[in-house]
Amino acid sequence: MTDSLLVDRTDAVVTLTLNRPEAMNALDVDLKEALRDTLAQLETDRSCRAIVLAGAGRGFCVGQDLREHAEQLESGKTDLDTVRAHYNPIAQRLANMPKPVVAAVRGMAAGAGASFALLADFRIGGPSTKFLMAFANVGLAGDSGVSWSLPRIVGHARALELLLLAEPVSAVDAHRIGLLSRLLESDDEVLPAAVALASRLAAGPTVAYGAIKRELSVGDAGTLSDALAAEAQAQAICGGTADHKAAVTSFLAKEKPVFEGR
């Protein structure tokens with residue numbers, strides 16, 4: 001396992017820490033491959049019921065490692081095949097993860113780093129948090145799912161503004177427009193708060209959480225008929241879970257249910 005991605009397991013919560021603090025956690029091939037492959041493993045790991053995505057040091061992630069990228073350009077490699085090989089699979093795993101994902105966004109989240117954070121279900125930040133849709137600043141279009149996630153969070157017009165102007169968004173403004181789910185008073189609180197939220201979610205009906213995420217992905221873009229069909233399919237799955245049966249039994253007994261994620 002590479003040192004560029006730290007994997008910590010505490011009960012049913014897995015914390016993934018992008019660990020290149022000297023480079024503000026810029027994404028080189030080693031880190032991208034580690035994140036892609038680890039997310040693929042966690043997707044089917046039933047012992048993992050919630051994920052925290054964090055960055056080491058003073059930044060969350062500033063996106064593509066431009067030093068590595070410059071070397072590739074110098075060698076004539078301009079097709080940016082890393083988008084298909086790395087960024088797209090990571091974005092798919094984050095967006096479609098059948099368990100909650102919480103991003104602890106301390107410091108700068110730029111480019112693909114911002115894109116990854118926006119694909120989390122919750123984003124928690126502090127005073128130093130900044131978002132920067134930096135793609136246009138280096139003559140590129142958006143990637144890593146930002147054209148899908150950003151307009152869903154802030155609307156089409158604001159998404160276009162953020163991507164074309166490529167200016168930093170402060171923590172206060174990020175919270176105001178929805179880029180941050182929660183804004184805390186201290187940067188030191190961000191990771192503990194993210195882990196606490198992930199722990200709370202991990203103790204919940206995680207099969208139902210995954211079903212709710214799939215419902216919303218259909219409902220956001222589909223017709224009412226599409227949404228109703230997705231809801232019917234989701235309820236058929238959730239209705240057969242041990243968690244649902246236990247919750248109904250606990251409700252009738254006026255007890256607090258214990259969910260096991262199955």
Side-chain angles (χ1 to χ4, degrees), residues 1 5-18 25 27 31-55 60-61 83-105 109 112-125 143-150 152-153 178-182 191 193-222 230-231 233-234 237-238 241 243 259-262:
M1 175 63 71
L5 181 70
L6 304 180
V7 181
D8 176 72
R9 290 177 178 263
T10 303
D11 298 324
V13 175
V14 175
T15 299
L16 304 179
T17 303
L18 310 177
N25 303 313
L27 297 157
L31 178 52
K32 286 181 286 190
E33 289 183 346
L35 182 58
R36 177 196 63 192
D37 297 346
T38 301
L39 288 171
Q41 294 166 7
L42 293 177
E43 188 173 33
T44 57
D45 182 351
R46 295 188 63 178
S47 68
C48 168
R49 295 175 62 187
I51 296 170
V52 173
L53 183 63
F60 177 73
C61 175
V83 173
R84 292 187 176 86
H86 304 117
Y87 289 121
N88 285 357
I90 292 170
Q92 288 278 6
R93 297 292 181 188
L94 287 171
N96 299 324
M97 185 63 63
K99 55 201 75 177
V101 180
V102 181
V105 190
S115 299
F116 292 164
L118 296 180
L119 290 170
D121 302 307
F122 299 89
R123 292 166 299 282
I124 298 177
D143 62 33
S144 305
V146 73
S147 63
W148 180 88
S149 61
L150 189 58
R152 282 167 168 75
I153 295 170
L179 298 181
L180 283 177
S181 311
R182 299 181 184 177
L191 183 57
V195 172
L197 176 57
S199 298
R200 171 185 170 183
L201 292 164
T206 45
V207 175
Y209 292 158
I212 290 168
K213 291 174 65 171
R214 290 191 297 273
E215 285 180 340
L216 289 177
S217 68
V218 173
D220 276 345
E231 290 172 0
Q233 181 183 44
I237 293 170
C238 293
T241 62
D243 279 348
F259 296 109
E260 297 181 355
R262 59 184 180 87

query = Is there side-chain contact between Ile51 and Val102, with heavy atoms separated by less than 4.5 Å?
reply = no

key: Pro89 to Ala85 - nearest heavy-atom pair and separation   = CG-O, 3.6 Å

Straight-line distance of Cys61 SG to Leu27 CG, nearest 0.5 Å = 3.5 Å

query = How about Asp11: does its CG atom have over 12 heavy atoms from other parts shown lying under 6.0 Å from it?
reply = no

ask   = Taking Arg93 for the side chain and Thr38 for the main chain, is one N or O donor matched with an acceptor at less than 3.5 Å?
value = no

ask   = Nearest heavy-atom pair of Gly55 and Thr17: which atoms, and what distance?
value = C-CG2, 3.9 Å

remark   = When every non-hydrogen atom of Leu179 is compared with those of Ile153, the smallest separation belongs to N-CG2, 4.1 Å

query = Would the number of heavy atoms belonging to other residues, nucleotides or ligands and lying under 6.0 Å from CD of Gln92 be above 12?
reply = no

task = Over all heavy atoms of both residues, which pair between Arg262 and Arg46 is shortest? Give the atoms and the distance, please.
result = CB-NH2, 3.1 Å

ask   = Roughly how far apart are Leu201 CG and Thr206 OG1, rounded to 0.5 Å?
value = 9.5 Å

remark   = Heavy-atom closest pair (Phe60 atom, Asn25 atom, distance to 0.1 Å) is O-ND2, 3.1 Å

remark   = Taking every heavy atom of Ala221 against every heavy atom of Arg152, the minimum-distance pair comes out as CB-NH2, 3.7 Å

